[in-house]
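A quick write-up on the structure given underneath.
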2 protein chains.
Amino acid sequence: MLERLRDAGLRPTRQRLALARLLFEGGNRHVTAEQLHAEARREEIAVSLATIYNTLNQYRKAGLLREVVVDSGRSWFDTNLEEHHHFFHEATGALTDFEAEGLAVEGVPKAPAGTEIDRVEVIVRLRDPQ
Amino acid sequence: MLERLRDAGLRPTRQRLALARLLFEGGNRHVTAEQLHAEARREEIAVSLATIYNTLNQYRKAGLLREVVVDSGRSWFDTNLEEHHHFFHEATGALTDFEAEGLAVEGVPKAPAGTEIDRVEVIVRLRDPQ
DNA sequence: TCAATTCTTTAGAGTTGTTCTAATCTAATT
DNA sequence: AATTAGATTAGAACAACTCTAAAGAATTGA
Ligand SMILES: [Mn+2]
Ligand SMILES: [Mn+2]
Ligand SMILES: [Zn+2]
Ligand SMILES: [Zn+2]
């Protein structure tokens, strides 16, 4: 973790290390700022909400996290850096991955003049049956 | 317009009619609440921001509009009800359509137990070249 | 080793987008 | 025309997020 932060040009402070452990140890995950803050509090890690936001954004800029936009009004951060896509269940707010392998998006038109394609994102919105 | 609102179970009030004209006459468009409010003011239509929000949400629930989620922090509403997808240029906030015809999304995994697929959304994020 | 420097954290204030409240107004119904 | 149901509004409230400036911690380098 220490290395990972140093490599990203971030001082390995108490807070950043603790949050890195929550985020990166124990499998990929999706979190919002409030969720991570609540989790830190539960684990008795003293860290302010401002620092949660600072840290998530720094990790994103450093490429340690990416943002997933599925809901206006709330930012989700994703520790899974592999090419993949998302199920989003509107009713429950559940956000889950599915692998890009096996998925084919074909016939994407070329980017408008003066721009290029950064990323093709597929979001599968779910609802309750019937 | 009057018919359209009546069919949706909405009283055709002065405000709803004026907004329907802005939204639905003259081709498909994407708007945010603030944009529509500014436009109404420009056209000297007296309508409060609360009514803009109420109306956009009512139109969405009635199926006259859909919401496009491309940016956390701001809701976009789309008058284009045909199956289509979006380019989103992060840098400028430009949101443009491309037709679903010609696009194939294959290999979408089946929905998690207890849910079903509502819609498959493709968002092509654009950046400036290089 | 220990200033000195630079960067980080923090509480709380500020901002933005959106929703709520409750008073007033308007459309529909009788 | 009177009544009723529903709509609009200003402004307050709220939620998510960012900013500010003061205090604290990591790093540097003498
Ligand atoms: Mn939402
Ligand atoms: Mn954004
Ligand atoms: Zn993911
Ligand atoms: Zn569109």
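As the structure is a prediction and not an experimental result, all values here were calculated from the model. Order of the sequence lines fixes the chain letters, A, B, ..., with proteins taken first and strands second; residue numbering starts at 1 for each chain.
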In chain order, what residues pass the salt bridge (Lys or Arg N to Asp or Glu O under 4.0 Å) check against B:Arg6, with sequence neighbours excluded?
none
Name all residues meeting the salt bridge (Lys or Arg N to Asp or Glu O under 4.0 Å) criterion together with A:Arg21; count only those two or more places apart in sequence or in a different chain, and write none if there are none.
none
Qualifying side-chain hydrogen bond (donor to acceptor under 3.5 Å, both in side chains) pairs, either residue in [range], two or more places apart:
{"range": "residues 8-20 of chain B", "value": "B:Arg16-B:Gln58"}
{"range": "residues 46-55 of chain B", "value": "B:Ser48-B:Thr51"}
{"range": "residues 104-117 of chain A", "value": "A:Glu116-B:Arg127"}

CD (B:Glu101) with more than 12 external heavy atoms under 6.0 Å
no
Applying side-chain contact (heavy atoms from CB on, under 4.5 Å) to B:Ala18 and not counting sequence neighbours gives B:Ile45
According to the salt bridge (Lys or Arg N to Asp or Glu O under 4.0 Å) rule, which pairs have a member within residues 29-49 of chain B, sequence neighbours left out?
B:Arg29-B:Glu39
Pairs meeting criterion salt bridge (Lys or Arg N to Asp or Glu O under 4.0 Å) with involvement of residues 50-63 of chain A, two or more places apart
A:Arg60-A:Glu67
Describe the nucleic acid contact of A:Ser75 in one word from base, sugar-phosphate, nothing, applying a heavy-atom distance below 4.0 Å.
sugar-phosphate
Heavy atoms only, 4.0 Å cut-off, all strands: where does A:Arg74 land among base, sugar-phosphate and nothing?
sugar-phosphate
If you assign each of B:Arg11 and B:Trp76 to its closest nucleotide in DNA chain C, which residue comes earlier from the 5' end?
B:Trp76
Assuming nearest nucleotide by heavy-atom distance, tell me which of A:Leu10 and B:Glu34 is located more 5' along DNA chain C.
A:Leu10
Outermost contacting nts on DNA chain D, any atom under 4.0 Å from chain A heavy atoms, listed 5' then 3', are D:dA16 to D:dT27
What residues 12-21 of chain A contributes to the DNA chain D interface at heavy-atom separation below 4.0 Å is A:Pro12
Within residues 49-60 of chain A, which residues have any heavy atom lying less than 4.0 Å from an atom of DNA chain D?
A:Ala50, A:Tyr53, A:Asn57
Just jot down the ring-ring contact (aromatic ring centres under 6.0 Å, His included) partners of B:His30, sequence neighbours excluded, or say none.
B:His86
